[in-house]
Amino acid sequence: MIDYKAIESKWQKAWADAKIFEGEISNKKQYMVTAAFPYVNGPQHIGHLRTYGTADVLARYKRMHGLNVLYPMAFHATGTPVLAFAKRIRNGDEELKKELRMFHIPDEEIAKMTDPLYIANYFVGEIEKGMHLAGYSIDWRRKFVSIDANFSKLIEWQFDILNKKGYLIKGKHAVGWCPNENNAVGMHDTKHDVEPEIETETAVKFKVDGEDAYLICATYRPETISGVTNLFVNQDSRYALCRIAGQEGKYYVSKGSIQTLLFQMQIDEEREVHGNDLLAKKCINPVTKAVIPVLPGFSVKDDVGTGLVMSVPAHAPFDYAAIEKLEMEGYDTSSIVPIKVLSMPPGKIGGDIPALEYIKMAGALSYDENALEEATKLEYKDEFHFGIMDVEGFRGMKVADAKEKIKGDLIKSGDAIEIYELANESQVYCRCGSKVVVKMVDGQWFINYGDAGWKKLAKEVLSGANVLPEKSRSAFLSALDWINLRAAERAQGLGTRFPYEKSHIIESLSDSTIYMSFYTISNLIRDVDPEKLTGEFFDYVMLGRGDAESVSKSTGVDFGVVRKCRDSFSYWYTNTSRHSAPELIFNHLTMYMFNHAAIFSKDSWPKQIVVNGTVLSEGEKMSKSLGNIVPLTDGLEKYGVDPLRFTVVAGADLFSDSEFSDKAVNGVKERFEYLFEVTGKLEKLEAKELTHMDYWLYSKLNRKIRDVTGAMEKLELRNASTNLLYSTVIELKRYFARGGSNAITVRDYLSGITLMMQPIAPHISEELWHRLGNDTFSSTEKWPSADISMISEKAEEGEEILDSVIADAKQIIGLMEKKGEKKARSIRIIVAEDWKRDLQGAMAREKDMKKAIESLPDNLKEKGAKYAALLSKHMNELKEVPMVQEEEFLLLSESTVFLEENIGAKVEVEKEGESKSQRAGRAMPLKPSMDVS
RNA sequence: GCAGGGGUGGCAGAGCCUGGCCAAAUGCGACGGGCUUAGGACCCGUUUCCAUAGUGGAUGCGAGAGUUCAAAUCUCUCCCCCUGCACCA
């Protein structure tokens, strides 16, 4: 049994002592690998191995190619999660405590986690510990946290540049808002972690006939405005006549809705009105100018929208049904005639009153709200997709387009305003318990990723970078196009103060777009007073502006430090690979490219971006709520580091999820054991002359080196790992089973495998390397290179022929035994004549049976014609035969022992021409005939 | 809805770009056999159907259509699944 613990600590200590992972400037070519820095609101689970492990594999792989590799690590603590965390602990949140206990965090530690900084520090320690255990080749001297004071100076410098370039703008923005806490709420501020979904609605103004006031109705379907036949009001609710800032005239709005609308606009109530009082009024449709009545509605909620609803009976099942119901209750609805505003293509639901058709379909004949809801959804969806406008001015236009156009027109003419509403199915609550509303934030700073010139630059960054896997490039392209305004600051959270609104904090994804550059200097300025790290300092270090001497003088930073920082930055930040998760393509990674485009010169732009998938546990997503999370340290302890790395990091290709299970890890472990076993057996073997099997094993080795190298270049780790581990074991077993026993061959083979395993399974690799008699680190050895001349198709094909001969023989014997015949004693294997090989070759070349037969000597033409007819069935698939009869004969006769062992009968090998067997004629090249007796 | 990625054998998962050597790698599972006191491990075989002293045939890679001598692979249409959609890391 392999003692993983012993091996891990032995080599981790040896690496640390030898400082082989500390990146120092040298004359070697440099390479820098950075992975998204971990957020410090919890320890890591084995899923995190995916990103950091993959980055480590790349770092180690590149190191073995003679590059001077730097793999640094830092921690992310910016933003609100840590604050929210502390608050939840203060409030005694049991759910969170339960999660923490899953990670074996002692209760006395949890009790201390009421202080955000304590939390951050605690998890920085925990995560770092796990990363050490995982054997990452990280240069820990460069570690920092995103709330460190000197890091903030870099971010201030960054925002200064963005501002100078005009990429920062100020504007309005709708956000989910907690009126109680007076703060924006995102997903993790809400109960049950729901994302507040904000949708825009059009609030259309209907002038009251003969009064200087409007009824204002919110709608998702402004395109149906010409079909409005009346308005609905909740006759039991209270309304108010009010003024809306920036809008002319007075408006009737329900009291309930005012409370939420207040967060979006300034509303001043003048007097209260009862819903009943509105029924007497008549209104004017702003588009058709028709005078329409106000009727009592049955489903009008006074806290949704404006508490007033416009009625489009032709296209809204609710409205149609309400009018029918009114009629039944004795109202005079004779003046209300549904007006159709759009038509549907043939084959879709249509008719003169489409809403009625949908009502019938949904079975909503009585006023059944659920069924009407269903009908509404269906009709809305169908008409949005397939509907064609049928009203003056928009005739022929698609509904989807007309909606935007009409809405725009109405707003422009002052007949409508835009309001916002939460679109979630059920009410969203803040963790504090109050209802979440939509608030218009005025004076919000944005980063304008919509800037055309900037977008163009960012695209240049992308096209200059290698993307792995390459197929995710299309996602990046659309992300670059799509990204537009992004909030740059918020009121709460840890982090760097926003320079133009000092009470605010820079938004936490925006402060982590260029932090990788900080690694190049973080260890050099650890003791420098942050106040000295001015814009001038960074201008010089990162952009090369000015000179060290004057920068040193004016900033007060030591001249040597300034110089070193500049040297370090310009050395390291030129050849970088960035690792992250796919869900970050549409934010972090895209912003990363934009910010590099804005700030750095082309030399410092990203050279490679790697995106990798997540890890599934027994087929399920790992999540704290499912309780199926395996804490990283637990996993490393339980399975051993390298088995876990092999399974999780190399268990799937980039981008797809890797499957984690006990079985998978055990499979890896068994094969590691086998490699150790063979290594131990090595000393019993002797060096001797090379045989067919040695050539075969060398062929396999070199093919493997070639294939694994190709796979590693594209970080196709699954491909590399199966090739390295699974097929290796199969090959070694075959080598020994076929009598291979050459110490030199086996040592060469194992050495190659051991070195190639180094990036994925570094501890195992070091140990094997050591046991193979080396006293260097495999970590710093050269990656093996394939000797293509050693790849022998013939040697490999030979083994395949043997396998197929064995399989055929066994099949024949099996069939015979099934028929009740006696057990086979001996078997004659008859090798096809050369003319068959020639004929097949000729047919493969000529693709013409006649010509091929012509090429045979006369005495063989008759036999040849029959054989050719057989071959001609697969004319297009024929290939030349790589072996002549003599070679095939030798191969088989030299392998009779192996054949006999596997077939379980005595074996004789004959040539077709010399065989007396009746079955001799059936021999085909590489598919010998057999005669069993 | 928009954007991106997918749908392959009992399962997981390659192959698809660059069509033929693909009834489809590899791993797991299941079944039969060997080994063993027994289990585990290990080894051998089977695992779409039919045929069979073997090398064959049929069906087949979400559904349908097409291109081609030839399609899991290329084209089109449709269906389904996953992920992201913003101020949140």
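Note that the structure is a prediction, hence the values are computed from the model and not measured. To find a chain, count down the sequence lines: A is the first, B the second, and so on, and within it residues start at 1.
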Query - Of A:G176 and A:D931, the one whose closest RNA chain B nucleotide lies more 5' - result: A:D931

**Report entry** Rounded distance in Å - CZ (A:F476) to P (B:rG5)
**Finding:** 12 Å

Report summary line: If pairing means Watson-Crick or G-U wobble with both distances under 3.5 Å, then the partner of B:rA58 is B:rU48

Report summary line: Expected string for nucleotides 25-32 of chain B under the B/S/- scheme (protein heavy atoms, under 4.0 Å, primed atoms plus P, OP1, OP2 as sugar-phosphate) is -BSS----

Requested in this report: Measure from the side chain of A:Q811, starting at C-beta and using heavy atoms only, and say which of B:rA86, B:rG54, B:rA89 lies closest.
Outcome: B:rG54

Report task. Side chain of A:K471 only, please: which of B:rG4, B:rG6, B:rG54 is the nearest? Result -> B:rG6

Query raised in the report: B:rU47 and B:rA24: how far apart are their C1' atoms, nearest whole angstrom?
Result: 15 Å

**Report entry** N-O pairing of A:E470 and A:R473 below 4.0 Å
**Finding:** yes

Requested in this report: Assign A:L485 to base, sugar-phosphate, or nothing according to its heavy-atom contacts below 4.0 angstrom with the strands shown.
Outcome: base

Query raised in the report: If you take all heavy atoms of A:P928 and A:V805, which pair is closest and at what distance?
Result: CG-CG2, 3.6 Å

**Report entry** Distance-only side-chain donor-acceptor flag, A:S510 / A:E507, under 3.5 Å
**Finding:** yes

Requested in this report: Counting Watson-Crick and G-U wobble pairs only, both distances under 3.5 Å, name the nucleotide matched with B:rU37, or none.
Outcome: none

Report summary line: For B:rA25, the nucleotide meeting Watson-Crick or G-U wobble distances (both under 3.5 Å) is none

Report task. State whether A:R221 and A:E383 are salt-bridged, where the test is any N-O pair (Lys NZ or Arg NE/NH1/NH2 against Asp/Glu carboxylate O) under 4.0 Å. Result -> yes

Report task. Tell me what A:P38 touches on the nucleic acid: a base, only sugar-phosphate, or nothing, going by heavy atoms under 4.0 Å. Result -> nothing

Query - Spacing of the C1' atoms in B:rC22 and B:rC16 (rounded, Å) - result: 12 Å

Query - Whole angstrom value for the distance that separates P of B:rG13 from CD of A:E716 - result: 17 Å

Query raised in the report: Contact class for A:K733 (heavy atom, under 4.0 Å): base, sugar-phosphate, or nothing?
Result: sugar-phosphate

Query raised in the report: Is the phosphate of B:rA89, meaning OP1 or OP2, less than 4.0 Å from a side-chain N or O of A:T80?
Result: yes

Query raised in the report: Who does B:rC17 pair with, Watson-Crick or G-U, both distances under 3.5 Å?
Result: none

Report task. Could you work out the separation of B:rU46 and B:rG27 based on their P atoms and round it to a whole Å? Result -> 15 Å

Query raised in the report: Looking across every strand, which nucleic acid part, if any, lies under 4.0 Å from A:H588 by heavy atom: base, sugar-phosphate, or nothing?
Result: nothing

Report summary line: Here the distance between atom C1' of B:rU55 and atom CD1 of A:I801, to the nearest Å, is 14 Å

Query raised in the report: On a whole-Å scale, what distance lies between the C1' atoms belonging to B:rA23 and B:rA58?
Result: 11 Å

Requested in this report: Identify which nucleotide among B:rU55, B:rG54, B:rA89 has an atom closest to any side-chain atom of A:L509, counting heavy atoms from C-beta outward.
Outcome: B:rA89

Report task. Using the C1' atoms only, state how far B:rA14 lies from B:rC87, rounded to an integer number of Å. Result -> 41 Å

Report summary line: Taken to the nearest whole Å, CH2/A:W482 to C1'/B:rC85 is 5 Å

Query raised in the report: Taking the side chain of A:F586 as its heavy atoms from C-beta onward, which of B:rU55, B:rA3, B:rA89 lies nearest to it?
Result: B:rA3

**Report entry** Rounded C1' spacing from B:rC50 to B:rC44 in Å
**Finding:** 26 Å

Report task. Specify the separation, in whole Å, of atom NZ of A:K714 and atom P of B:rG15. Result -> 10 Å

Report task. Using atom CD1 of A:I829 as one end and atom P of B:rU55 as the other, report the distance to the nearest whole Å. Result -> 17 Å

Requested in this report: For nucleotides B:rU48 and B:rU59, find the distance between their C1' atoms and express it as a whole number of Å.
Outcome: 8 Å

Query raised in the report: Taking NZ, NE, NH1 and NH2 as the nitrogens, is one of them in A:K403 or A:E223 under 4.0 Å from a carboxylate oxygen of the other?
Result: yes

Requested in this report: Let me know the distance between CD1 of A:I198 and C1' of B:rC85, rounded to the nearest Å.
Outcome: 13 Å

Query - Euclidean distance, atom CD1 of residue A:I505 to atom P of B:rC87 [Å, nearest integer] - result: 18 Å

Query raised in the report: Mind checking who B:rA70 pairs with, Watson-Crick or G-U wobble, both distances under 3.5 Å?
Result: none

Query raised in the report: So do A:K439 and A:Q264 actually touch side chain to side chain, heavy atoms under 4.5 Å?
Result: no

Requested in this report: Give a yes/no answer on whether the side chain of A:S474 brings an N or O atom under 4.0 Å of OP1 or OP2 in B:rG4.
Outcome: no

Query raised in the report: What interatomic distance, in whole Å, is found between P of B:rU77 and the corresponding atom of B:rA3?
Result: 14 Å

Query raised in the report: Which nucleotide in the set B:rU55, B:rC87, B:rA89 lies at the smallest distance from any side-chain heavy atom of A:R486?
Result: B:rC87

Query raised in the report: Just checking, any donor-acceptor pair under 3.5 angstrom between side chains of A:N595 and A:Y167?
Result: no

Query - N-O pairing of A:K170 and A:E489 below 4.0 Å - result: no

Query - Base-pairing mate for B:rA3 - Watson-Crick or G-U, with both contacts under 3.5 Å - result: B:rU83

Requested in this report: Check the side chains of A:S804 and A:K927 for a donor-acceptor pair under 3.5 angstrom, ignoring hydrogens and angles.
Outcome: no

**Report entry** Whichever of A:R922 and A:N587 has its nearest RNA chain B nucleotide further upstream toward 5'
**Finding:** A:R922

Requested in this report: May I ask you to test the A:F159-A:L168 pair for a side-chain heavy-atom distance under 4.5 Å?
Outcome: yes

Query raised in the report: Base, sugar-phosphate alone, or nothing: which one does A:S510 contact when heavy atoms must sit under 4.0 Å apart?
Result: nothing

